[in-house]
Amino acid sequence: MAEIPLKLAKPIEDPIVCSKKHQTYRIGYLKDIILPRALNEGIVANFNSIIHSNNAIVRMKAPTTSVESKKTLFRSV
């Protein structure tokens, strides 16, 4: 697979956050563009769960995320 450069306004320094962002994009692309008719509800729910957990990890690692917003993040899960 060819590497496509990602243009960012601000570089992502944490490799875990960068990896989760890429994984979330790829799963969303598969779910919405490539396989929408072939996926059953269980697989779509699994993809949505992965996307949600990746977004939670990214928000938890963000330096600007306050302690209160981190607590509400876990209460909503």
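If you're wondering where the values come from, they're calculated on a predicted model, not measured in any experiment. The figures here come from the full heavy-atom set of this structure, side chains too, leaving out hydrogens, waters and symmetry mates.
- Under the 4.5 Å side-chain criterion, counting only non-hydrogen atoms from C-beta, Q23 is in contact with I27.
- Looking at N55 and K20, their side chains never bring a donor and an acceptor atom within 3.5 Å of each other.
- Y25 and I57 fall into different hydrophobic clusters, where Ile, Leu, Val, Met, Phe, Trp and Tyr residues are linked whenever their side-chain heavy atoms come under 4.5 Å apart, directly or through other members.
- L39 and L35 make their closest contact through CG-O, 3.0 Å (heavy atoms, listed as atom of the first residue, atom of the second, distance).
- The closest side-chain heavy-atom distance from V44 to N40 is not below 4.5 Å.
- Annotation: K31, atom NZ; neighbour count of heavy atoms from other residues, nucleotides and ligands within 6.0 Å is above 12.
- Between the OG atom of S49 and the NE2 atom of H52 there is a distance of 7.5 Å, given to the nearest 0.5 Å.
- When hydrophobic clusters are built by joining Ile, Leu, Val, Met, Phe, Trp and Tyr residues whose side-chain heavy atoms come closer than 4.5 Å, directly or via intermediates, V58 is not grouped with I50.
- I51 and M60 sit in two unconnected hydrophobic clusters of ILVMFWY residues. Membership requires side-chain heavy atoms under 4.5 Å apart, directly or through other members.
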